[in-house]
Amino acid sequence: MDFATVLQVLDSTVRLATPLLLACLAGLFSERSGIFDIGLEGKMLFAAFFSAAIAAVTGSVWLGLLAGIASSMALAGIHGLASITFRGNQLISGVAINFLAAGLTVVIAQDWFQQGGRTPSLLGGARFGPLTLPFAETLRDVPVFGPIYHDLISGHTILVYVAFAMVPLTWWVLYRSRFGLRLRAVGDAPEAVDTAGVSVIRMRFTAVAICGVLCGVAGAYLATALQAGFVKDMTAGRGYIALAALIFSKWRPWYALSATLLFGLLQAVALRYQNIEMGGFVLPVQVMDALPYILTVVILAGFVGRAIPPRAGGSPYVKEQ
Amino acid sequence: MDKMPRWADIVLIPVFSLVLAFLLSGLVIVAIGEDPVAAVKLMVTGALGSTYGWGYTLYYATNFLFTGLAFAVANHARLFNIGAEGQATLGGLGVAFVCLAIPWPHWALALPAAIIGGALFGAAWAFLPAWLQAKRGSHIVITTIMFNFIGASLLNYMLVNVMRPTGSMDPATARFPPGAHLPTLHDLLAVFGIPFSKAAPANISFLVAIAACVLVWLLIWRTRLGYEIRAQGHSEPAAVYAGIRPVRIVVLAMLISGALAGCMAVNNVMGEAERLVLNAVEGAGFIGIAVALMGRSHPFGVFLAAILFGFLYQGGAELALWTTIPRELIVVIQALVILFTGALDNMVRMPLEKLFLSMRKGRG
Amino acid sequence: EPAMIYDLGGKFDKSFNEAAFGGAERWSEETGGSYREIELQSEAQREQALRRFAEAGLNPIVMAGFAFGSVLEEVAPDYPDTKFQIIDMVVEADNVRSLVFSEHEGSYLVGMMAAMASETGTVGFVGGMDIPLIRKFACGYVQGVMAANPDATVIQNMTGTTPAAWNDPVKGGELTRAQISQGADVIYAAAGGTGVGVLQTAADEDILSIGVDSNQNYLHPGQVLTSMVKRVDVAVYDAFKAGPDLETGVFVLGLAEGGVDYAVDEHNEDLLTEEMIAAVEDAKAKIIAGELVVHDYMSDNTCPVK
Amino acid sequence: MPGADTAEGRQTAAPAIELRGISKAFGPVQANRDISLKVMPGTIHGIVGENGAGKSTLMSILYGFYKADAGEIFVGGQKTLIPDSQAAIKAGIGMVFQHFKLVQNFTVLENVILGVEEGARLKASLAKARGSLKRLAEEYELNVDPDAKIEDLSVGHQQRVEILKALYRQADILILDEPTGVLTPAEADHLFRILDNLKAEGKTIVLITHKLREIMAVTDTVSVMRRGEMTATLETATTSPEELAELMVGRKVLLRVDKKPAQPGQTVLEVEDLHVTDEDGVARLKGVSFHVRAGEILGIAGVAGNGQSHLLEVLGGVREATGRIRVNGQDIDLTGKHSDGRSRRARGIAHVPEDRQRQGLVMAFKAWENMILGYHHDPAYQKNRFLMDNAAIRTESAASMQRFDVRPPNPNLAARNFSGGNQQKIVLAREIERSPDLLLVGQPTRGVDIGAIEFIHQSILDLRDAGKAILLVSVELEEILSMSDRIAVIFDGLIMGERLPDETDEKELGLLMAGITDTEAPPDFETIEAALDAAAGPGDAPHG
Ligand SMILES: Nc1ncnc2c1ncn2[C@@H]1O[C@H](COP(=O)(O)OP(=O)(O)OP(=O)(O)O)[C@@H](O)[C@H]1O
Ligand SMILES: Nc1ncnc2c1ncn2[C@@H]1O[C@H](COP(=O)(O)OP(=O)(O)OP(=O)(O)O)[C@@H](O)[C@H]1O
Ligand SMILES: [Mg+2]
Ligand SMILES: [Mg+2]
């Protein structure tokens, strides 16, 4: 594998990892506050649709992004209502949200655009274009660093940089800010937060809202940056993979980055080397297709070990039975 | 010491929740310019108004019963088995092997063999995630998600490259021999002189599923293993104190769960399609999660929830057949039903509890 | 009143089912007639839809997809007065019209065009799922490429193994990029909704793509080399028009019958050189005349070229 | 010096806290009924009452944790609305809950600042809190490492953190709910000295406890609660433990253990050179040897965290170990398939674990299901090869709950719906009713009211008198001294020595517990204190 190929695979890794990373960090905020969220998939899908739809109608990708975020937050609001206010089952609520998004996006898309549950293709300003970082062209010919900078680091859409910037930001918020302290506390010992005079409900709603924002960005990334429009079910299970990455990363931001990059890399490699010949025998495409998943299990079993979720995760905060 | 009579909790709350879900669904139907009353009528008559409708409703319900029970058993041990989809896929493979291996003389022989085949394959697919969880602490949610994908790849490979009859366009196995065809409810009820639609796919697997319900109920609440599973699920330290080995419970609970999921193939693969096709499970594994959670992991609750979802599926099919309501709208209705009955139930419960409490106080 | 049954992909799958839908709509517009339709949600509904429509007196009933074969075999004899038309599969029954398309022939032609349009000598193929039908597309395509440029390389990829494989434009886009990085500059997509992503990414990366089933040239004018059209729309239109008098039997719709073809319109005419058109038309004529036989993957489950 | 100058203050100043007509129901349970209470500033007020009397509920209402259904709260004479803890903190109220409200994986510092951070960034808050904590620690002798994780602290230290939390929030009124339930006598003494200091500063303290000794020693006034109502409020000086006990329970209670001399028989349990290393690789038992004979109680005294919990767990089959254990002369496997609780029970060992809510009971199980926990394989409970005989189990459980005076004696009630004392009785009933050869008991009366303590002690003594061997682990020196026939003191994974109860006293045992065997030159108090601090390793979970 030559250097250029490595760069291409890594470049692909970055693109594939970005939506996972955003969704994973989204889940991190929610679950750190004690609200489990298997509705990442649905929120992303919802945002993918609304961002594409609004971008298509207005011609502005930024309005699209806002719409995506708002729509994802609306679903997050339902999740919060069900699991915080009404102390419902968080898993059921998540499942319902996934269904709701899968159905509503297509119904609304058909109603609005009559294009078979798709949005029109986005053109020009209705899409996020690649950003060329400063000096990318000039530095291009510098050996090793040049290509890395030009091909791998530069040339992504803004949302990719946002996603990666979210990692240190999340870390800082989580471990260095008042909000983060309370967030971590509320996921581990809500009664401690409550008796310290902080509203558990407000903390959890805030966390769920942040989750909505990040899922919104992830969905918008899929529909308006990577692709140019919405296609039904276009999240294709990425929400579940993000959930797996979240557990993999043991609910920590830097680990989340590594986990999603790992998933991205495994996929990029599997896509790039789909037809591998081993001594005259061509590995069936199905093996390569399953490879990322198999490797995930192997790595999980071999190196990662036990993941302990936030202690109060998954259960509503109930003071009185 | 309860705040509300049990019947209110079991009957009133689900009914009110359902009504809410349907009201909201009605609004969505109005929004896209259709008649909600007619739609609901069509769903109800289509799904419950004839033996034909019941035949389909029960067919779907059977699938959800198996996957719902599968999730419920694991859930009693606090294992979130998200992998019923993959386990049922593999169960299909097992059932197909059994059905194609021997020219079965009679279904009465083929059925138990197929149950064993499906259960074994389903259980096998659950084993590794279970073992990894028990021994290595690998989170069962990740491993079962991964095994769903791996299972899909495996099935794809088997159907396209191994089990497909040459020259066939369809990535599916050959038809099962007639001796492996299961009697439908039409055939079964005809024995008792009860007329039942011939066209509907509900078959003897429904009875197998009901038997599975009873067995799961016995297992969980009447056997030592069930006792140990529940103890482990509620409190691992207490289980260890009681001399219960967590590794054993995790593995056993998942094997049973996988076996139940695998048994679903007896219904859809052997009973309905009579051959194995790609994606035969069609998301029933995920519906099973909702069914089990809505049924509070109790076989009877799972039964009711499965029937509800069978109704939604068949009613939805009727909508799709006779109206221009898009099929995704049915998904929306399902979502609302799950949301209101499963997650927003307290929205109904809280005011009801207050009502009952004040009534009790009023009385004395 | 005729009826149309779409396969699980749904009538807006941007390719096969959507073409069928297009044919039905055209009939409805032209004749003012109405028709029934259903988009299946589950395997069990195949038989259900067939029976329910037949019992309701709908005639003819058209279904799109090979997966109906096994069910139709059972159902058709029960409704001798109803005519059925199945696309992509042969069902032997008196009241069934079976239509199979020679996708390999159409794919052969676009393969030739791909090879001729390619500057790098490397072209790509993105399929939805590794199933025989898609292999048939791929095999015809590769033969065409090799015919035009024996030294060419064809990179073949499949998207996945779950139904999501047909609706994952993001993965389609990523596969496209992977193929581009390996030198491909023309990519043929036979992957439903995933193909939308292939065409999009190809346009973004300034290479050429080839659409499938419907004419997809308009999606990215000037950047889609051509589309391998499969006239499912015509098949449906004709069946609806014939009504209950639909002629039954097995029909193979190849280049000769106009069942498959490559698309030329205002969106891609600038991309096609005269030389290209000449070569392709020549091959087309030969195939129609029977002088050139494109190997059909389905005939023996193998492809003579890689 | 309680009394002297506060007496006249009481006439002039407004009460620090006044509750009027507080009522609170949890669903159908009326936890507090029309309760009124006045506490004068600068005094220590005690509250006693049976388990479930409503003490914690009342104080939680004052702290804004629960909302009262009816009633008013006055703080410093001002009517104050306390809808949440924020409001309580503002009103100068601090509370140390019965079940600590700490974030286990946070450091002490993080726990202290939680909710009262200085700004959006933590750095400044942490720095400031570090300074204040140091000052508070010096002022009140509240030493804790500010950077230690809570889960690594002993319960005693966790409690200090809770007190620091309240002081850091500048509480003038401090509520302590059963603070000494998990403390050693030395730790308790230390706590009471702190309380005295606080009182001297004019702070007001409310103390809930089951230990009448403590009430008599430190409070100025005391209230008694019974079944949700406030039945009496008395000047401590004018009452006696016996009177309080009777007010609480509604009958005369025997406050001293009344036991016959032991009649030891043959050796039942022999432990030789037992070693245990825990999950983190820390050696917890470093070669422990002892024996217990039939008909005697061996008490194990020690500061929590010195290995007694691990010892119990090894003997009970919850944990693997190396070394040698014999029961009735037969070797017991310490590792592998036959080292689990089931095998132990088959050998006649019964185990009342220290932590009843985590280990001893499945809180979601009904009482009858808990009554067979660990014995569910017993043939007596099986209907046939496959099914259990639930009806029989239920009947037997009801009878056995009746005998052990579990209230309510309803086998269909979930364990979590019983009060702490009654939960403990369920565990004891289960283990004792099987008449084991060897009974292991950990902290049998932790958090349990005096009525129940009397009963539990009597049940254990009855078993002893029936000729069974009993190993009693308790951090309550008083309990160890009054119950045991022999006492072994454990320190840092080693047995420091054995004493007979009549030939020793709390002071000597306290020194042994701190690892000091040289009784010739008794060290001064500070040294013992420091040694005990050091002795307190990672803590147990707060009791239930
Ligand atoms: N959060 C709650 N939800 C429901 N019931 C509760 C709750 N807290 C307490 N109760 C019930 O209220 C009653 C009073 O409980 P409380 O905890 O105040 O008693 P207590 O006097 O503190 O007992 P203990 O000495 O055991 O601590 C009991 O019957 C208890 O079961
Ligand atoms: N060396 C030992 N140390 C501790 N317990 C033991 C030992 N050997 C056997 N036991 C326990 O004593 C009980 C009876 O022992 P026995 O060997 O008769 O049973 P078993 O039927 O062989 O046990 P199992 O069915 O678990 O193999 C069992 O519960 C067993 O676990
Ligand atoms: Mg209390
Ligand atoms: Mg201890």
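Every chain is numbered from 1, with letters handed out A, B, ... down the list of sequences.
For chain C, the nearby parts of B:Arg327 are the backbone and the side chain; heavy atoms of each come within less than 4.5 Å. For B:Glu85, no part lies under 4.5 angstrom from a heavy atom of chain C. Of the atoms belonging to C:Leu40, it is backbone heavy atoms, and not side-chain ones, that fall under 4.5 Å from chain B. The part of C:Lys136 that comes within reach of chain B is its side chain, from C-beta onward, which places non-hydrogen atoms under 4.5 angstrom from that chain.
In terms of heavy-atom proximity, C:Ala44 sits nearest to B:Tyr59 at CB-CE2, 3.4 Å. The two atoms that bring C:Met298 and B:Ser168 nearest to each other are CE-O, 3.3 Å, heavy atoms only. Of all heavy-atom pairs spanning B:Tyr313 and C:Gln45, the tightest one is O-NE2, 4.4 Å. Summarising the geometry of C:Arg51 relative to B:Ala199, their closest heavy-atom pair is CD-CB, 3.6 Å, with the distance given to 0.1 Å.
A 4.5 Å side-chain heavy-atom check between C:Glu43 and B:Asn268 finds every atom pair outside the cut-off.
Checked by atom type, the side-chain pair C:Gln41/B:Glu282 shows no donor-acceptor distance below 3.5 Å. Side-chain polar atoms of B:Tyr157 and C:Thr161 form no donor-acceptor pair below 3.5 angstrom.
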message: Would C:Glu74 and B:Arg175 count as a salt bridge (Lys or Arg N to Asp or Glu O under 4.0 Å) here? Give the steps.
response: CA-CA 12 Å; C:Glu74 279 201 355; B:Arg175 245 167 196 289; 3.1 Å; yes
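Ranking B:Asn161, B:Leu155, B:Asn148 against chain C, the residue ahead of the rest is B:Asn161, based on heavy-atom pairs under 4.5 Å. When each of C:Pro132, C:Gly160, C:Ala49 is checked for heavy-atom pairs under 4.5 Å with chain B, C:Pro132 comes out on top.
Taking non-hydrogen atoms and a 4.5 Å limit, the residue list of residues 22-37 of chain C in contact with chain B, ordered by number, reads C:Arg36, C:Glu37. Scanning residues 162-174 of chain C against chain B with a 4.5 Å heavy-atom cutoff picks out C:Thr162, C:Pro163, ordered by number.
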